[in-house]
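Here the structure is a predicted model, which is why all the values come from computation and not from measurement.
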Amino acid sequence: QVQLVESGGGLVQPGGSLRLSCAASGRLFTIMGWYRQAPGKQRELVAAITSRGSTNYANSVKGRFTISRDNAKNTVYLQMNSLKPEDTAVYYCNARVLTVVAGTSDYWGQGIQVTVSS
């Protein structure tokens with residue numbers, strides 16, 4: 001069974017930094033990424049990374065967040081710098097695999113709270 005275990009969230013002051021980690025089991029995933037959902041808002045993609053290292057970021061986090069992955073550990077990271085109050089949300093790890101015979105499968109972590117406040 002695929003398991004995604006998230007860690008690294010918490011409370012940080014504006015301008016501070018946090019690093020989220022998501023350790024996955026089961027297989028190497030085609031794409032891994034982070035979504036977030038703030039109160040009253042839709043869940044949005046924050047950043048994603050392919051198994052080859054190509055990345056994509058939401059405009060709101062470009063220049064501040066960096067996504068990376070360690071394929072040997074099957075773990076994806078999100079380094080969040082210069083955090084703003086509007087970054088406050090529940091962050092969800094996502095892992096996606098594309099296969100020829102079975103199509104696309106998505107797996108989700110339970111979510112981890114990030115709160116940016118003074």
Would you check if [X] and [Y] make a side-chain contact, meaning some heavy-atom pair closer than 4.5 Å?
| X | Y | value |
| --- | --- | --- |
| Phe65 | Trp34 | no |
| Phe29 | Val76 | no |
| Val116 | Met80 | no |
| Leu28 | Arg69 | yes |
| Val97 | Val2 | no |
| Glu44 | Arg36 | yes |

Is there a continuous path of hydrophobic side-chain contacts, each under 4.5 Å between heavy atoms, that joins Val46 to Trp108?
no
Within one Ile-Leu-Val-Met-Phe-Trp-Tyr cluster: Leu18 and Ile112, side-chain cutoff 4.5 Å
yes
For Leu20 and Glu6: C-alpha separation, side-chain torsions, deciding distance, then whether side chain to side chain contact (heavy atoms under 4.5 Å, CB included) applies.
CA-CA 7 Å; Leu20 304 182; Glu6 301 149 322; over 6 Å; no
Is there a donor-acceptor contact under 3.5 Å from the side chain of [X] to the main chain of [Y]?
| X | Y | value |
| --- | --- | --- |
| Gln113 | Gly9 | no |
| Arg64 | Ser82 | yes |
| Gln3 | Ser25 | no |
| Asn74 | Ala23 | no |
| Asp87 | Val114 | no |

Just to verify, which of Ile67, Thr66, Asp70 counts as forming a side chain to side chain contact (heavy atoms under 4.5 Å, CB included) with Tyr77?
Asp70
List for me each residue that meets ring pair (Phe, Tyr, Trp, His ring centres under 6.0 Å) alongside Tyr92, sequence neighbours excluded, and say none if there are none.
none
Check the pair Ser17 / Val12 against side chain to side chain contact (heavy atoms under 4.5 Å, CB included), numbers first and verdict last.
CA-CA 7 Å; Ser17 298; Val12 66; 6.0 Å; no
